[in-house]
There are 2 protein chains.
Amino acid sequence: MARNGSYVSEAVIRRMPKYYRYLEDLEKTGVERVSSKELSQRMGLTASKIRQDFNCFGGFGQQGYGYNVSDLKKEIMKILGLDRTYNVIIVGAGNIGQALANYTGFEKEGFFIKALFDINPKLIGMSIRDIMIYDLDSLEDFLAKNPIDIAVISTPKDKAQEVADRLTRNGIKSIWNFAAIDVAVPRGVIAENVHLSDSLYTLSYRIRESLE
Amino acid sequence: MARNGSYVSEAVIRRMPKYYRYLEDLEKTGVERVSSKELSQRMGLTASKIRQDFNCFGGFGQQGYGYNVSDLKKEIMKILGLDRTYNVIIVGAGNIGQALANYTGFEKEGFFIKALFDINPKLIGMSIRDIMIYDLDSLEDFLAKNPIDIAVISTPKDKAQEVADRLTRNGIKSIWNFAAIDVAVPRGVIAENVHLSDSLYTLSYRIRESLE
DNA sequence: ATAATTTTGTTAAAAGATTGTCATATCGAG
DNA sequence: CTCGATATGACAATCTTTTAACAAAATTAT
């Protein structure tokens, strides 16, 4: 996908979803074209950076015109892999697991939650938006019978690595982890660790800093 | 807090919560001392980077010995502003708002949720872990009577900026935003934007990349 | 007590990311 | 159809971040 199969830096990749967000907004408000300068003002980035970011993946713009909003959005969707669907399971049907299952927004982008798993007998057998909560014991069985692209880990911290191991042993290649550890995965498996508390502590860092 | 009031880069700041996590684990497992080399192996960073990061804030280590785990942890807690407590409110008692209110982990670090706010009549009057859900109309009144340090925004996307404006107009100086926009805040106000979907799309980017 | 080892804090070098500049292409007005 | 304005894509320069190297200090072993 990168221009010539060449390396695209982490910094650029992390900005792509942000571009997607802003382009979606522009498209929704009926804007047809946008220049890097205009985008830069809205997004708080430099125009140069924006042009260079897009050029990591190919020349989507036109001199004298700028970028066509919906074309560019489509290109970025392709880059981000949002031109297909994903089957997702959630392991851990506690606070975060339930919140994610209840949220319908990810479905709109092609991420379909197929099942939840937990060890709590009170939860097993229940369902959230018609998504069943299964006994964690049946995880292996479920994975053998259903093609799952992404597994979300939303268990307590101390169970997360064990769950990650079970998932990867049973063919899971991508993990979206919400537990407060960085889960270790074998080569060939992708793990994206979300650390909400890290974000909160960055905020409290800035509060302290502002009081100096 | 920075060594001599000098600037500490964003990259360093973002790593501090991660150090805190690992140091907490080490402390819990009874480890007394740790070297930058050992930490680097656990955390997947270079020892050099770790030493330089800590030195942005002062020399916490000792040659030939390394770092005392609990001392270093305490220093990082100070740096992150975790040596005090914060009063928090949550605006938007939907999926994410409720999940955050139900989660008891933040309290352990000194973040106390004092109230939730929503516009949904079915939610108003209810409570989560003894935290009341109030009518959003009473937000101004509540803020006038209670000293609040941090406001969480977990409303739908299209209400987030409006809520942010109301919050800052009424004295809120720090916002932890979960809505899928970057909320704009006046100078002097701190906003930390969490974009869960950005994280998910980064994962799908990598999935696509791995299939090339 | 001494020597060898460990490990920091610091400085310098290397790598990486961002910004500024400019030639060139396209657009749009007259 | 021509000219001026606009805006990209590419490259060079700058700035930032990371890595490597090393002297100095403390620890540990003998």
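Order of the sequence lines sets the chain letters (A, B, ...), proteins ahead of strands, with each chain counted from 1. Everything quoted here is computed from the prediction, not taken from an experiment.
Remark: R33(A) qualifies as a cation-pi partner of Y65(A) under the 6.0 Å distance and 45° angle criteria applied to the six-membered ring.
In this structure, CG of N68(A) is placed 13 Å from P of dT8(D), rounded to the nearest angstrom. As a whole-Å value, the separation of F57(B) CZ from dT10(C) P is 15 Å. To the nearest angstrom, C1' of dT8(C) lies 6 Å from CZ of R51(B). Atom CG of D71(A) and atom C1' of dT8(D) are 16 Å apart (whole Å). Separating the CG atom of N55(A) from the C1' atom of dA17(C) is a distance of 16 Å, rounded to the nearest angstrom. Counting to the nearest Å, the P atom of dT6(C) and the NZ atom of K37(B) are 8 Å from each other. Nucleotide dG16(C) holds its P atom 14 Å from the CD atom of E10(A), rounded to whole Å. Rounded to whole Å, atom C1' of dA10(D) lies 17 Å from atom CD1 of I50(A).
Distances were taken from every side-chain heavy atom of Q62(A) (C-beta onward) to each of dA12(D), dT26(C), dT19(D); the shortest belongs to dT26(C). Picking from dT26(C), dT21(C), dA12(C) the nucleotide with the shortest atom distance to the side chain of Q52(B) gives dA12(C).
Within the structure, every side-chain polar atom (N or O) of S9(A) is placed at least 4.0 Å from both OP1 and OP2 of dG16(C). When the side-chain nitrogen and oxygen atoms of R33(B) are compared with OP1 and OP2 of dT28(D), one or more of them lie within a distance under 4.0 Å. Between K49(A) and dT19(C), a side-chain N or O to OP1/OP2 separation shorter than 4.0 Å is present. Here R15(A) reaches the OP1 or OP2 of dT18(C): one of its side-chain N or O atoms lies under 4.0 Å away.
Residue T46(B) is in sugar-phosphate contact alone, with no base atom involved, counting any heavy-atom pair closer than 4.0 Å across all strands shown. Using a 4.0 Å heavy-atom criterion, one finds that S35(A) contacts the sugar-phosphate atoms exclusively. Within 4.0 Å (heavy atoms only), Y67(A) reaches sugar-phosphate atoms of the nucleic acid but no base atom.
Each of N193(A), V152(A), I153(A) was evaluated against F178(A); a single residue qualifies, V152(A), per the side chain to side chain contact (heavy atoms under 4.5 Å, CB included) test. A ring-ring contact (aromatic ring centres under 6.0 Å, His included) with Y67(B) is found for exactly one of F60(B), F54(B), Y19(B), namely F54(B).
Between L45(A) and Q63(B), the residue anchored closer to the 5' end of DNA chain C is Q63(B), taking for each the nucleotide with the nearest heavy atom. Along DNA chain C, the nucleotide closest to D53(A) and the one closest to Y65(A) are compared, and the more 5′ of them pairs with D53(A).
Ring planes of Y201(A) and F111(B): parallel class, angle under 30° (limits at 30 and 60°).
W176(B) and Y86(B) have their aromatic ring centers separated by at least 6.0 angstrom.
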